[in-house]
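Written out below as structure tokens is the structure these notes cover.
This chain uses plain numbering: 1 for the first residue, then up along the sequence.
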Amino acid sequence: MAVWGERLAGVRGVLLDISGVLFDSCEGGGVPIPGSVEAVARLKQSQLKVRFCTNESQKSRGKLVGLLQRLGFDISEGEVTSPAPAACQILKERGLRPHLLVHDDILSEFDKIDTSNPNCVLIADAGDAFSYKNMNKAFQVLMELENPVLISLGKGRYYKETLGLMLDVGAYMKALEYACGVEAEVVGKPSPEFFKNALQVLGVEAHQAIMIGDDIVGDVGGAQRCGMRALQVRTGKFRPSDEHHPEVKADGYVDNLAEAVDLLLQQVDK
């Protein structure tokens with residue numbers, strides 16, 4: 001426990017990943033990871049500040065929060081930092097009109113965005129919409145632009161559903177990068193701006209915060225590059241090889257969110 005005391009000393013704010021940490025998604029909804037509903041409740045009853053930080057881009061923030069509430073989580077839409085609203089702000093600020101390759105369930109997030117005569121491509125985890133036809137259309141739009149801009153809501157390799165691992169947006173982003181000779185701008189984890197925005201809303205400095213996630217690169221590596229500490233849970237997309245990643249080492253590995261919260265609250269109570 002002395003080791004954990006050193007690792008968790010001075011933590012005032014907690015950023016929680018959602019998919020793979022709170023619940024595993026499945027056809028028609030999701031199932032809570034055992035102990036996670038109670039763990040979130042205990043965190044929010046403590047003196048620690050809590051914010052949810054997700055790359056979820058198959059559901060709008062409202063639909064995601066609605067699902068979590070039905071699963072028993074104490075969460076509101078205003079407590080969630082997600083990539084689609086952040087991307088909309090960027091599009092407006094830069095006068096970008098995107099060709100959208102996204103899941104139907106998040107199209108509503110872009111209702112106020114001009115998509116006529118596209119001057120960029122924006123992709124998210126489009127699921128079955130990642131067909132050859134749709135990918136080729138995105139490729140054609142980029143190739144026709146003098147200064148092609150590709151924006152991706154995340155760069156994850158895969159995520160976890162109850163049926164198994166699922167290919168994520170990062171693979172399709174890399175395909176377009178390779179084919180078009182462009183480098184995507186990532187909105188979402190592990191982008192430093194994404195974490196900085198969450199910390200600003202939370203009201204704590206990076207050294208006072210800890211990220212809890214299941215993705216060794218996007219969650220752990222991204223948070224650490226911003227000066228935060230990060231724990232990886234052995235749920236969701238976690239693979240045993242993550243504990244021996246050649247570039248990223250978490251500040252600690254825990255079996256699940258419940259164990260992480262136990263450790264955090266033991267330090268807070270001292």
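- To the nearest 0.5 Å, the span separating OG on Ser191 from CZ on Arg225 amounts to 9.5 Å.
- Between the side chain of Arg97 and the backbone N or O of Asn117 there is at least one donor-acceptor pair closer than 3.5 Å.
- The closest donor-acceptor contact from the side chain of Arg61 to the backbone of Val80 lies under 3.5 Å.
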Quiz item: Does the pair Leu96 and Ile151 meet the rule for a side-chain contact (heavy atoms from CB on, under 4.5 Å), with working shown?
Solution: CA-CA 10 Å; Leu96 293 172; Ile151 297 174; 4.0 Å; yes

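- Annotation for Ala87 and Val187: closest pair N-CG1, 3.9 Å, computed over non-hydrogen atoms.
- In this structure the side chain of Glu205 never reaches within 4.5 angstrom of the side chain of Leu199, judged on heavy atoms.
- Counting heavy-atom neighbours within 6.0 Å of Lys44 NZ, excluding the residue itself, gives a total above 12.
- Pairs engaging residues 100-129 under the salt bridge (charged side-chain N to carboxylate O under 4.0 Å, His left out) rule: Lys63-Asp105 [sequence neighbours left out].
- Judged by distance alone, with hydrogens and angles left aside, the side-chain atoms of Lys237 form a donor-acceptor pair with the main-chain N or O of Tyr158 at under 3.5 Å.
- Contact of the Ile33 side chain with the Val21 side chain is not registered, since no non-hydrogen atoms from C-beta on lie closer than 4.5 Å.
- Both Leu265 and Val233 belong to a single network of hydrophobic side chains, linked directly or stepwise wherever heavy atoms of I, L, V, M, F, W or Y lie under 4.5 Å apart.
- Under the side-chain hydrogen bond (donor to acceptor under 3.5 Å, both in side chains) test applied with Asp251, the options Gln232, Arg7, Gln224 reduce to a single match, Gln224.
- Proximity of a side-chain donor or acceptor of Ser46 to a complementary backbone N or O of Leu48 within less than 3.5 Å is detected.
- Side-chain atoms of Pro34 and Thr235, non-hydrogen and from C-beta on, never get closer than 4.5 Å to each other.
- Taken together through direct or relayed side-chain contacts under 4.5 Å among Ile, Leu, Val, Met, Phe, Trp and Tyr, Leu150 and Ile106 form parts of separate hydrophobic clusters.
- By the criterion of side-chain heavy atoms lying less than 4.5 angstrom apart, applied directly or through intervening Ile, Leu, Val, Met, Phe, Trp or Tyr residues, Met211 is not grouped with Phe238; the two fall into different hydrophobic clusters.
- The shortest side-chain heavy-atom distance between Cys26 and Glu161 does not fall under the 4.5 Å cut-off.
- Nearest heavy-atom pair, Phe194 versus Cys53, reported as atom, atom and distance to 0.1 Å: CE2-SG, 3.4 Å.
- In terms of modelled atom types and a separation under 3.5 Å, the side chain of Arg51 and the main chain of Leu16 share no donor-acceptor contact.
- Rounded to the nearest 0.5 angstrom, Ser25 OG and Leu163 CG are separated by 9.0 Å.
- Classification of Arg157 and Asp168 as a salt-bridged pair fails, no side-chain N sitting under 4.0 Å from a carboxylate O.
- In this structure, Arg42 contributes its side chain and Ala258 its backbone to no donor-acceptor pair below 3.5 Å.
- Note that CD1 of Ile75 is 4.0 Å distant from CZ of Phe52, once rounded to the nearest 0.5 Å.
- In this model, a donor atom of one side chain and an acceptor atom of the other lie less than 3.5 Å apart for Gln89 and Glu93.
- Leu107 is listed as a side-chain neighbour of Val102, based on a closest heavy-atom distance under 4.5 Å.
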Quiz item: Yes or no on side-chain contact (heavy atoms from CB on, under 4.5 Å) for Tyr253 and Ile216, after CA distance, side-chain angles and deciding distance?
Solution: CA-CA 10 Å; Tyr253 301 89; Ile216 188 66; 4.3 Å; yes

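- In this structure, NZ on Lys59 lies 7.5 Å from OG on Ser19, to the nearest 0.5 angstrom.
- Of the charged side-chain nitrogens involved, at least one lies within less than 4.0 Å of a carboxylate oxygen, so that Glu177 and Lys174 count as a salt-bridged pair.
- Atoms CD1 and CG, on Ile212 and Leu263 in that order, are 9.5 Å from each other to the nearest 0.5 Å.
- A single hydrophobic cluster is seen to contain both Val37 and Phe23, as judged by linkage of ILVMFWY side chains at heavy-atom distances under 4.5 Å, directly or through other members.
- Here the closest non-hydrogen pair linking Asn119 and Val149 is O-CB, 4.4 Å.
- Ala138 and Leu176 make their closest contact through CB-CD1, 4.2 Å (heavy atoms, listed as atom of the first residue, atom of the second, distance).
- The side-chain contact (heavy atoms from CB on, under 4.5 Å) with Lys189 is formed by just one residue from the set Asp17, Val217, Val220; it is Asp17.
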Practice problem: Apply side-chain contact (heavy atoms from CB on, under 4.5 Å) to the pair Leu100 and Phe110, showing each step before the final yes or no. | Solution: CA-CA 9 Å; Leu100 296 172; Phe110 300 93; 3.9 Å; yes

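- A chain of hydrophobic side-chain contacts below 4.5 Å, direct or via other Ile, Leu, Val, Met, Phe, Trp or Tyr residues, connects Leu231 to Leu43.
- Checking side-chain atoms of Glu259 against main-chain N and O of Asp255 turns up a donor-acceptor pair under 3.5 Å.
- Partners of Phe130 under the ring pair (Phe, Tyr, Trp, His ring centres under 6.0 Å) rule, at least two apart in sequence or in another chain, are Tyr172.
- The distance from atom CG of Leu202 to atom CZ of Phe195, rounded to the nearest 0.5 Å, is 13.0 Å.
- Side-chain contact between Ile113 and Leu122 is absent, with no heavy-atom pair separated by less than 4.5 Å.
- Taking every heavy atom of both residues into account, Pro190 and Gly222 meet most closely at CB-CA, 3.8 Å.
- A heavy-atom distance below 4.5 Å is found between the side chains of Leu264 and Val14.
- Side-chain atoms of Leu153 and Val169, non-hydrogen and from C-beta on, never get closer than 4.5 Å to each other.
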Quiz item: Could you walk me through whether Glu79 and Val50 pass the side-chain contact (heavy atoms from CB on, under 4.5 Å) check?
Solution: CA-CA 8 Å; Glu79 295 175 301; Val50 182; over 6 Å; no

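- The pair Arg94-Glu185 counts as a salt bridge, with a side-chain nitrogen and a carboxylate oxygen less than 4.0 angstrom apart.
- The nearest pair of heavy atoms linking Arg239 to Leu165 is NH1-CD1, 3.6 Å.
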